[in-house]
Amino acid sequence: MSSLQSPADSTAPVSNFIRSIIDADLASGRHDSIVTRFPPEPNGYLHVGHAKSICLNFGLAQDYHGKCNLRFDDTNPEKESEEYAQSIQDDVRWLGFQWEGQIHWASDYFDALYAFAEELIGKGLAYVDDLTPEQMREYRGTLTQPGRNSPNRERSVVENLDLFRRMKAGEFADGARVLRAKIDMASPNINLRDPAIYRIRRAHHIRTGDKWCIYPMYDYTHCISDALEGITHSICTLEFEDHRPLYDWVLDNLNVPCHPRQYEFSRLELQYTLTSKRKLLQLVNEKKVTGWDDPRMPTIQGMRRRGYTPEGIREFARRIGVSKGENNVDMVVMEGAIREHLEAIAPRVAAVINPLKVTLTNFDGAGAREADFHPQHPEFGKRIVPISRELYIEADDFAEVPPAGWRRLTLGGEIRLRHSYVMRCDEAVKDAAGNVIELKCSLDHATLGKNPEGRKVRGVIHFLAAEFALPAEIRLYDRLFTVASPDADKEVDFCTYLNPESLQVVQGWVEAAVKDAPPETHYQFERLGYFVTDRRDHQLGDRLVFNRTVTLKDSWTKEQA
RNA sequence: UGGGGAGUCGCCAAGUGGUAAGGCAACGGGUUUUGAUCCCGUCAUUCGCAGGUUCGAUCCCUGCCUCCUCAGCCA
């Protein structure tokens, strides 16, 4: 299967404004090669928005034969954990990317960061402030009013240095003092109104343990980390756009090896889901989903368990592009990209989700037939499609009173049993309430592997020979929310839009060919959709559990509506 | 109503002084033992609005409108 050319990866890169900047930098000789980085904070699981960023940063490095670092932004020990850091590494690798050399951590630079802070103090560009958080907020001003200088702003270099060293030494209580950059309290850009760059926090850090009781802030840490790693293009999302002057201010005022440039692109909004870490965490904590890897979650772990493939997700990223405009992407774009890859790699197999029993009244003499696992790929192999006196067909494939355009089974009508005989329905057996509970049908014995003579049979339905079918748990997933933008209205709790039908578990039947499939095996259940054996609960040869990844395109249902 | 951004087909998105790429979706048609796939075709006289410069503007200038974003000792 490795010889297969994946359509997802065979397409040329799509032009975007960041590539234009890189092209210009390379052409002008500003850079000989590029270095990017993917800088997650290990405080949660990665989601589809991160997938976009991963594809961008690692993809750029790949296309331009440059490098991409994985760097953990671990400057807030209270929220970070080893578990998150581990899952992030797994996710990046699973998506098909490999970072350059060792993993980097912002905490690797804590000593350097501290020294740079003393450099700033020495230059009179940073000072220790004793204001409380509330006071700082008051002094900061508002969007339309300038801030006021802190009474501590004019402390001497000597005093600041002494105070900062004592902060580091643990002489002050948590939150008692901060180190602030001395920029401009009247700046129209609030990020420049003397931002805090160090705070006192006695928290156990996942890598440095209890070595530090002061921790650097993001804005101060990120730009220096970039510079120390020789990053050429530091790519982040739009909300950091007005932090860029601060990014540049820090690097302009410190003796750093280089000055990377920051560029911002718009973050992904995927309809019918959420990409807020806080809200995803809430779904997990409140047990609205079974965990971070619930197949309904837009996390990479969730998408993986759902049956999305790295190739499909990468193709999705390629299709949505990179820009600074609104990026409100319809779920069908993701589904289309996933289908495209699954269409190419998934063996076809039969499964019945909602069984209706069929008894063949003229079964004697009927035989099995071999069928390809994939109509376009004979190299996928074949298996026997058996038949037995009793069959299961999909209840939806029979209608006593068929609507116009119906091509499936109806009383007195004929259909082709996929990979088997043409079958006519002779009688519908009903229960006391009038529900059809069984069909009596007959085979045209002359139609195995050939068309009947003198008439055309248009409809094809799938079926399972009851004697050989395997029972399976089938989990039918649908979108998590009932509205496109569940968090659009700040007055309404997004949980009110949770889709009560986002998961439906049914006991169905699958053909015996899937019996020994390991977890994470993709199949197309013909006429139903793409399914994957569950990563966690599927046990080969024993308990079969399938997750519906995505349905097939369905022009019939659309026509009905 | 301070700062920073963005407005090109239903959604995403190239183009940027020479007369609107592409993808997704949609819609027609063909093939088909999956109403799938595949194939073929259709789909912006127009680039938020109004003026101006120019032989010529989506692209340059002016004004306006709409949307996003920023007041953590989070990232």
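Keep in mind that what you see is a predicted model, and the values were worked out from it rather than measured. Here is the naming used below: chain letters follow the sequence lines, and residue numbers restart at 1 for every chain.
The side chain of A:R140 lies closest to B:A71, out of B:G2, B:A71, B:G35. In this structure, the nucleotide among B:A75, B:U34, B:C24 sitting nearest to the side chain of A:R418 is B:U34. Across B:G5, B:U34, B:A14, the shortest atom-to-atom separation from the side chain of A:S323 is found for B:A14. For A:L552, the listed nucleotide lying nearest its side chain is B:A36; candidates were B:G35, B:A36, B:G15. Nearest to the side chain of A:R527, among B:U34, B:A75, B:C73, sits B:U34. The side chain of A:V333 sits closest to B:C24 out of B:U69, B:U1, B:C24. Side-chain proximity of A:M136 to B:C73, B:G35, B:A14: nearest is B:C73.
Considering only side-chain N and O atoms, A:R267 lies nowhere under 4.0 angstrom from the phosphate OP1 or OP2 of B:A6. At the phosphate of B:U34, neither OP1 nor OP2 sits under 4.0 Å from any side-chain N or O atom of A:K553. Listed pair A:S15 / B:A14 fails the phosphate criterion, with no side-chain N or O lying under 4.0 Å from OP1 or OP2. The phosphate of B:C74 (OP1 or OP2) has a side-chain N or O of A:R199 nearer than 4.0 angstrom. OP1 or OP2 of B:A13 sits under 4.0 Å from a side-chain N or O of A:N327. For B:U34, the OP1/OP2 oxygens have no side-chain nitrogen or oxygen of A:R416 closer than 4.0 Å. Between B:C73 and A:R201, no contact under 4.0 Å exists linking OP1 or OP2 to a side-chain N or O. Between B:A36 and A:S555, a contact under 4.0 Å exists linking OP1 or OP2 to a side-chain N or O. Distances shorter than 4.0 Å separate none of the side-chain N or O atoms of A:K324 from OP1 or OP2 on B:U69.
Using a 4.0 Å heavy-atom criterion, one finds that A:N16 contacts the sugar-phosphate atoms exclusively. When heavy atoms are screened at a 4.0 angstrom cut-off, A:L131 is found touching base atoms of the nucleic acid. Nucleic acid contact for A:T75: sugar-phosphate only, since backbone atoms but no base atoms lie under 4.0 Å from a heavy atom of the residue. Heavy atoms of A:H243 sit under 4.0 angstrom from at least one base atom. Using a 4.0 Å heavy-atom cutoff across all strands shown, A:R369 reaches at least one base atom of the nucleic acid. Within 4.0 Å (heavy atoms only), A:F240 reaches at least one base atom of the nucleic acid. Here A:Q271 lies out of heavy-atom contact (under 4.0 Å) with every strand. Among the protein residues, A:I320 comes within range of the sugar-phosphate backbone only, with heavy atoms under 4.0 Å from sugar or phosphate atoms but none that close to a base. Residue A:R348 is classed as a base contact, given a heavy-atom separation below 4.0 Å to a base. Within 4.0 Å (heavy atoms only), A:V178 reaches at least one base atom of the nucleic acid. As judged by a 4.0 angstrom heavy-atom cut-off over every strand, A:G529 is placed among residues making no nucleic acid contact. Across all strands, A:K450 comes closer than 4.0 Å to base atoms (heavy-atom distances). Residue A:T557 is out of contact with every strand shown, counting any heavy-atom pair closer than 4.0 Å. Nucleic acid contact class of A:Q145 (heavy atoms, under 4.0 Å, all strands): none.
In this model, a donor atom of one side chain and an acceptor atom of the other lie less than 3.5 Å apart for A:N152 and A:D129. Side chains of A:H222 and A:R37: a donor on one and an acceptor on the other come within 3.5 Å. Using a 3.5 Å distance cut-off with no hydrogens or angles, the side chains of A:H419 and A:R369 do not pair a donor with an acceptor. The closest side-chain donor-acceptor pair between A:E394 and A:H462 falls under 3.5 angstrom. Between the side chains of A:H47 and A:T275, no donor N or O sits under 3.5 Å from an acceptor N or O. Side-chain contact annotation: A:Q524 with A:Y530, donor-acceptor N/O pair under 3.5 Å present.
Geometrically, A:K168 engages A:Y114 in a cation-pi contact defined by less than 6.0 Å to the ring centre and at most 45° from the axis. Judged by the 6.0 Å and 45° rule, A:R155 forms no cation-pi pair with A:Y127.
Regarding A:L417, its CG atom lies at a distance of 10 Å from the C1' atom of B:U33, rounded to whole Å. One can place CD of A:E326 at 11 Å from C1' of B:U66, the figure rounded to the nearest angstrom. The distance between atom CG of A:D219 and atom C1' of B:A75, rounded to the nearest whole Å, is 9 Å. Atom C1' of nucleotide B:U32 and atom NZ of A:K456 are separated by 11 Å, given to the nearest angstrom. Regarding A:F265, its CZ atom lies at a distance of 13 Å from the P atom of B:A14, rounded to whole Å. Residue A:R137 contributes atom CZ, which lies 9 Å from atom C1' of B:G72 at whole-angstrom precision. Atom CD in A:E335 sits about 14 Å away from atom C1' in B:C11, given to the nearest Å. Rounding to whole angstrom units, OH of residue A:Y530 and C1' of B:U37 are separated by 7 Å.
Ring-plane geometry between A:Y215 and A:H205 is classed as parallel, the angle between the planes falling under 30 degrees on a 0 to 90 degree scale with a further cut at 60. In this structure, A:F525 and A:Y523 have parallel ring planes: the angle between them is below the 30° cut-off, well short of the 60° mark.
For B:C12 and B:A44, the C1' atoms lie 15 Å apart once the distance is rounded to whole Å. Taking atom P in both B:G10 and B:U16, the straight-line distance is 24 Å, to the nearest Å. Between the P atoms of B:U42 and B:U54, the separation comes to 40 Å (whole Å). The same atom, P, is picked in B:G35 and in B:A13; the two are 35 Å apart, to the nearest Å. Between B:G18 and B:G56, the distance separating the two C1' atoms is 7 Å to the nearest Å. For the P atoms, the distance from B:C27 to B:U19 is 33 Å, rounded to whole Å. Spacing between B:U46 and B:G3 at atom P, rounded to whole Å, works out to 35 Å. Between B:G4 and B:C40, the two C1' atoms lie 48 Å apart (nearest whole Å).
The residue among A:P188 and A:P195 whose nearest nucleotide of RNA chain B lies closer to the 5′ end is A:P188. Comparing A:N76 and A:G449, the nucleotide of RNA chain B nearest to each residue sits closer to the 5' end for A:G449.
You won't find any donor-acceptor pair under 3.5 Å spanning the side chain of A:N189 and the base of B:G4, going by distance alone. Judged by distance alone with a 3.5 Å cut-off, a donor-acceptor contact links the side chain of A:R408 to the base of B:G35.
For B:A75, the base is not stacked against the aromatic ring of A:Y218, per a cut-off of 5.5 Å between centres and 30° between planes.
In this entry B:A26 has B:U42 as its Watson-Crick or G-U wobble partner, both defining distances falling under 3.5 Å. Figure legend. B:G18 is base-paired to B:C55; pairs are counted as Watson-Crick or G-U wobble with both atom distances under 3.5 Å.
Its glycosidic angle being more than 90° from 0, B:G52 falls on the anti side.
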